[in-house]
Amino acid sequence: MKKVTAVYPGTFDPVTNGHLDVIERATSLFDEVIVCIAVNSLKSPLFSKEERKNMLIESVSGFSNVTVDIFEGLLVKYAEEKHASVIIRGLRAISDFEYEFQLSLTNRKLSPAINTIFLMPNEKYTYLDSSLVRELASYNADIQDFVPKNVQLALKEKFGF
Ligand code: COA
């Protein structure tokens, strides 16, 4: 039977429990999931791409069919190179929809054989994003419900606590 590979792109600055919830759902749907960190020139990340990759590798170590990678350039080109037929995106709330709709239709126009599949994280993560986590961590607030332990420690170190 044909193996189905999915890519899950994002900035992951840093990875949150919401992202991990989406990854876990994806692992039961696809044979292989590649979590790919986008190098986005419009964002100035707190963590370097290598730091983000290392945090992700540690966070997904419990899943045997997940790998982590960094990509630059066009997402569909990267997906084609990896023989992936699916792009995974998380949909947290209606507010995500318009942007995700534009992204997925553009990607489909560029590469019609690749489908975007939206997964909804657990509702307890619907309000969560990486900016919120970074802001809370900068004030040394308690973020244990939002990110895994290794990310908590990395944020503490980054902000000098
Ligand atoms: N849980 C928690 N937070 C989540 C989340 C979830 N399940 N899903 C998304 N988010 C948050 C992210 O943490 C991020 O937060 P931040 O902006 O506060 O840092 C925000 O939602 C944006 O999500 P992200 O998944 O990181 O997307 P992005 O908009 O940064 O990146 C790419 C989108 C990488 C997929 C897109 O820019 C891309 O494909 N780039 C490559 C170039 C390309 O092909 N361009 C053409 C696209 S049509």
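We count ligands from 1, going down the list as the structure has it; atoms in each ligand are counted the same way.
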Sub-3.5 Å N/O-N/O distance, [X] and ligand 1:
X	value
T11	yes
N40	no
L103	no
L132	no

- Item | Proximity flag S104 to ligand 1, non-hydrogen atoms under 4.0 Å | no

- Task: Examine ligand 1 and decide if any of its atoms is less than 4.0 Å from a heavy atom belonging to Q102.
- Result: no

Within the side chain of [X], is there an N or O that forms a donor-acceptor pair under 3.5 Å with the backbone of [Y]?
X	Y	answer
R92	Y127	no
T106	Q102	yes
R52	D13	no

Of the listed options [options], closest to [atom] (non-hydrogen atoms):
atom	options	value
atom 12 (C) of ligand 1	K77, H19, K43	H19
atom 7 (N) of ligand 1	G18, S130, G90	G18
atom 10 (N) of ligand 1	R108, E100, E72, R92	R92

- State plainly whether the residues K158 and E51 are in salt-bridge range, i.e. N to O under 4.0 Å. yes

- Message: Let's go through K124 and N17 carefully: what are the C-alpha distance in whole Å and the side-chain angles of both, what is the deciding distance for side-chain hydrogen bond (donor to acceptor under 3.5 Å, both in side chains) to 0.1 Å, and is it a yes or a no?
- Response: CA-CA 10 Å; K124 67 185 179 200; N17 288 341; over 6 Å; no

- Exceeds 12 heavy-atom contacts within 6.0 angstrom, atom CD of E98: no

- Message: Counting neighbours of CD on E157 that are heavy atoms of other residues, nucleotides or ligands and sit closer than 6.0 Å, is the number greater than 12?
- Response: no

- Atoms in ligand 1 flagged as close to L74, the criterion being non-hydrogen separation under 4.0 Å: 43 (C), 44 (O)

- Note on the structure: Per-atom filter on ligand 1: closer than 4.0 angstrom to a heavy atom of G73 are 41 (C), 42 (C)

- Message: Side chain, backbone, both or neither: which applies to Y99 and ligand 1 if a contact is any heavy-atom pair less than 4.0 Å apart?
- Response: side chain

- Message: Just to be sure I read this right, does ligand 1 sit under 4.0 Å from the backbone of V22, its side chain, both, or neither, counting only heavy atoms?
- Response: side chain

- Does some non-hydrogen atom of the protein lie less than 4.0 angstrom from atom 38 (C) of ligand 1? no

